[in-house]
Amino acid sequence: MAKCVSEMDGFTLKDLTAEDGVVFEIGEYREDDDEEFSYSHNISLTNEEALNLLNMDDFEDEENNDSTGDNPVTIFGVSFDELKTKMTDILGNGKIMKLVKQKGVGESIPFDAQVTIKYLGYFEYNDEPFDSSFTRGGAETFRLNQGALLPGLEIAITTMKKHEIAMFIVHPDLAYGRYGCAPRIPPNEQILFIVHLLDFVDNGSVETLDNLSIEEKKKFENAVRRARAKFNNAKDCFKKKRIKQAIREYAKAIHWLEEAELQNDEEEEEFNKLISRGYSNLAICYNLEDMPRRACNACNRVTVPSAKTYFTHGRALFKMGEYKCAMEQLQMSLAIEPNNADTVKEIRLVNEKQRKYREIEKKLWSNCLKSEQIERNQTLFAKAAREMCETFSKDSQLSRQPLPESLTPEEDKCIREQAAAFGLLITTHQRYGREITYLNKSNY
């Protein structure tokens with residue numbers, strides 16, 4: 001007996017593909033619902049524009065083609081049987097047919113990959129798609145082998161390569177079955193999918209590796225497979241600007257590598273390369289999240305530093321107001337890559353900031369309270385201290401700035417009062433064998 005599902009309760013793909021089908025309880029019709037796929041000006045392409053890009057006109061019926069070129073290109077009236085004559089049988093039983101419209105690059109997708117796709121789904125002789133990622137903003141991300149997609153569409157995607165555009169005709173047995181999903185999905189309906197594979201992430205069968213014993217997990221070859229999968233996930237998160245998630249993924253991969261037991265020089269060499277890659281990328285993420293101290297710690301853990309490592313370390317030190325040390329790291333980066341424009345730009349920025357804050361320091365010293373004109377200089381010193389705190393609070397590139405040394409108690413109190421007015425903190429650290437006072441932002 002078919003399962004009865006309320007539209008308010010929701011449903012799963014398993015419900016839609018059940019052998020007995022599913023019956024929906026639909027609420028009252030509302031007048032503002034009559035356009036199922038409303039279009040938004042934020043969508044980069046309409047369904048019609050997407051089809052035009054796919055050159056669907058090479059499937060038009062030549063006998064009915066008026067050759068005027070005035071009509072928009074659609075698949076309305078195109079027979080699936082006609083399309084199949086130009087397609088390849090994937091499974092050998094005719095249940096998934098494929099035609100490549102744009103060739104991809106690299107290897108085919110692993111069965112458990114995370115894919116990012118744009119797609120359109122059509123029924124035969126229907127002009128409008130019954131499903132379209134374009135109506136929801138364009139690209140969507142799915143994890144394969146998790147039941148999130150129709151079986152036929154999932155199998156079809158695993159035959160694709162990155163950047164490929166392909167058409168697939170999927171048999172009802174691998175789609176919505178003999179019952180369909182009334183009223184929207186007719187029974188025994190073949191489906192034409194047009195899919196653009198934008199990207200994918202190879203998860204490296206992490207779940208399978210997680211089931212290994214502790215001893216097996218510590219084997220270097222297994223640790224490497226798990227770590228590489230996490231690196232892929234982290235890279236994907238970074239590209240999507242999910243930096244905090246990328247930090248977690250890199251941290252897990254690094255932990256697995258550091259727990260591994262090395263057996264020979266070859267494994268140690270590969271370990272050093274991977275751990276350096278992990279810590280270097282982790283440091284970049286920390287810098288983006290305004291965590292320069294953690295970025296410095298990560299850079300210090302790199303066993304085989306590269307130009308990128310030195311650059312990232314220099315940027316973190318710069319954020320902390322350690323101009324001299326930052327310059328040393330940036331110069332090492334420049335020595336490896338002399339023509340790197342980003343490094344040259346960063347060196348200029350460090351010099352500019354250092355000069356700027358030195359000028360402010362000079363104003364403080366010129367108006368110090370040791371002068372005979374104490375009352376006048378108290379006002380001038382407070383003004384200079386306020387300028388320093390205000391400039392620093394608005395500086396998005398710095399998280400910490402060292403203060404002048406040997407301040408009197410009155411001068412120290414004055415700077416603390418001005419810092420508090422801008423929500424800044426004053427901290428003292430033992431560095432380089434002496435006590436250094438810093439102006440810090442609250443999130444440092």
Side-chain angles (χ1 to χ4, degrees), residues 204 206 209 214 217-239 242-337 340 342-343 346 350 398-400 429-432 436 438 440 443-444:
V206 172
L209 292 168
I214 295 177
K217 287 179 181 178
K218 288 186 177 181
K219 286 186 176 181
F220 184 68
E221 59 179 322
N222 291 331
V224 167
R225 289 173 62 196
R226 298 175 80 203
R228 289 188 185 279
K230 281 298 177 187
F231 282 166
N232 285 336
N233 287 341
K235 182 180 178 182
D236 184 62
C237 292
F238 186 89
K239 288 166 60 178
R242 301 205 306 262
I243 308 301
K244 286 185 172 64
Q245 180 62 32
I247 289 173
R248 289 191 287 270
E249 297 293 295
Y250 279 124
K252 285 180 183 177
I254 290 169
H255 173 72
W256 290 339
L257 288 171
E258 291 180 333
E259 289 286 305
E261 298 174 348
L262 306 180
Q263 301 295 327
N264 51 54
D265 292 343
E266 288 76 14
E267 288 187 352
E268 183 175 356
E269 183 179 356
E270 186 174 1
F271 167 82
N272 286 330
K273 289 180 180 178
L274 288 173
I275 208 72
S276 296
R277 171 187 166 193
Y279 273 122
S280 292
N281 290 332
L282 185 60
I284 292 172
C285 293
Y286 280 140
N287 269 343
L288 290 173
E289 287 295 307
D290 279 330
M291 299 178 182
R293 283 182 295 182
R294 293 190 178 185
C296 286
N297 289 336
C299 289
N300 286 330
R301 303 290 294 273
V302 173
T303 56
V304 186
S306 62
K308 181 174 75 172
T309 308
Y310 290 125
F311 176 87
T312 305
H313 200 175
R315 173 165 285 181
L317 289 165
F318 167 50
K319 283 176 173 285
M320 295 167 63
E322 303 288 348
Y323 301 112
K324 181 180 178 182
C325 294
M327 189 63 71
E328 290 174 355
Q329 294 293 321
L330 292 171
Q331 290 292 351
M332 285 191 281
S333 177
L334 192 64
I336 297 173
E337 295 181 352
N340 190 303
D342 289 333
T343 306
E346 195 77 4
V350 172
L398 294 177
S399 300
R400 189 176 76 170
H429 301 279
Q430 290 290 336
R431 297 292 304 278
Y432 316 116
I436 301 179
Y438 292 93
N440 301 298
N443 62 347
Y444 176 75

Which residues satisfy the side chain to side chain contact (heavy atoms under 4.5 Å, CB included) test with A223, sequence neighbours excluded? A260
Partner residues of E346 under the salt bridge (Lys or Arg N to Asp or Glu O under 4.0 Å) criterion, sequence neighbours left out: R315
Nearest 0.5 angstrom please: I336 CD1 to S306 OG, how far? 7.0 Å
For residues F220 and E270, report the shortest heavy-atom separation together with the two atoms involved. CE2-OE1, 3.7 Å
Excluding sequence neighbours, so at least two apart, what forms side chain to side chain donor-acceptor pair (under 3.5 Å) with Q331? none
Closest contact, heavy atoms only, A246 versus A234: CB-O, 3.6 Å
List in chain and number order the residues that pass side chain to side chain contact (heavy atoms under 4.5 Å, CB included) with D265, two or more places apart in sequence or in another chain; answer none if no residue qualifies. E268
Test: salt bridge (Lys or Arg N to Asp or Glu O under 4.0 Å). Region: residues 272-284. Which pairs qualify, not counting sequence neighbours? E269-K273
Pairing residues for K235 by the side chain to side chain donor-acceptor pair (under 3.5 Å) criterion, not counting sequence neighbours: none
How far does CZ of R228 sit from NZ of K230, to the nearest 0.5 angstrom? 16.0 Å
Go through it in stages, so that I can follow the logic: the residues are L317 and K324, the test is side-chain contact (heavy atoms from CB on, under 4.5 Å), and I'd like the CA-CA distance, side-chain angles, deciding distance and then a yes or no. CA-CA 9 Å; L317 289 165; K324 181 180 178 182; over 6 Å; no
Are L330 and F318 close enough that some pair of their side-chain heavy atoms sits under 4.5 Å apart? no
Closest heavy-atom pair, Y279 versus E258, reported as atoms and distance to 0.1 Å, is OH-OE2, 2.7 Å
Is there a donor-acceptor pair under 3.5 Å between the side chain of T303 and the backbone N or O of N272? yes
Across all chains, not counting sequence neighbours, the side chain to side chain contact (heavy atoms under 4.5 Å, CB included) partners of E261 are K218, Q263
Rounded to the nearest 0.5 Å, what separates atom NE2 in H313 from atom CG in N297? 8.5 Å
What's the separation between atom CD in E328 and atom OH in Y310, rounded to the nearest 0.5 Å? 12.0 Å
Closest heavy-atom contact between I243 and F238? CD1-CD1, 3.8 Å
With sequence neighbours left out, the residues meeting side chain to side chain donor-acceptor pair (under 3.5 Å) with Y286 are none
dist E249:CD -> I247:CD1 (nearest 0.5 Å) comes out at 11.5 Å
Show, in sequence, the C-alpha distance, side-chain angles and deciding distance for N340 and F311, and conclude whether the side-chain contact (heavy atoms from CB on, under 4.5 Å) test is met. CA-CA 10 Å; N340 190 303; F311 176 87; 5.7 Å; no
For the student: nearest non-hydrogen atoms of F231 and L274, plus distance: CZ-O, 3.7 Å
Heavy-atom closest pair, residues C299 and A283: SG-CB, 3.6 Å
Applying salt bridge (Lys or Arg N to Asp or Glu O under 4.0 Å) to R293 and not counting sequence neighbours gives none
Rounded to the nearest 0.5 Å, what separates atom NZ in K219 from atom CZ in R225? 12.0 Å
Before giving the answer on side-chain contact (heavy atoms from CB on, under 4.5 Å), spell out for L288 and C285 the whole-Å C-alpha distance, their side-chain angles and the decisive distance to 0.1 Å. CA-CA 5 Å; L288 290 173; C285 293; 5.6 Å; no
Any side-chain to backbone donor/acceptor pair from N287 onto T312? Under 3.5 Å, distance only. yes
Residues that E337 engages under salt bridge (Lys or Arg N to Asp or Glu O under 4.0 Å), provided they are two or more places apart: none
Between E259 and R226, does any side-chain N to carboxylate O distance fall below 4.0 Å? no
Lys/Arg N to Asp/Glu carboxylate O, E289 vs R248, below 4.0 Å: no
Applying ring pair (Phe, Tyr, Trp, His ring centres under 6.0 Å), name anything that partners Y323, two or more places apart in sequence or on another chain. none
Output all residues satisfying side chain to side chain contact (heavy atoms under 4.5 Å, CB included) with D290, sequence neighbours left out; order by chain, then residue number. K319, S399, N443
Donor-acceptor check, side chain of R242 to backbone of C237, threshold 3.5 angstrom: yes or no? no
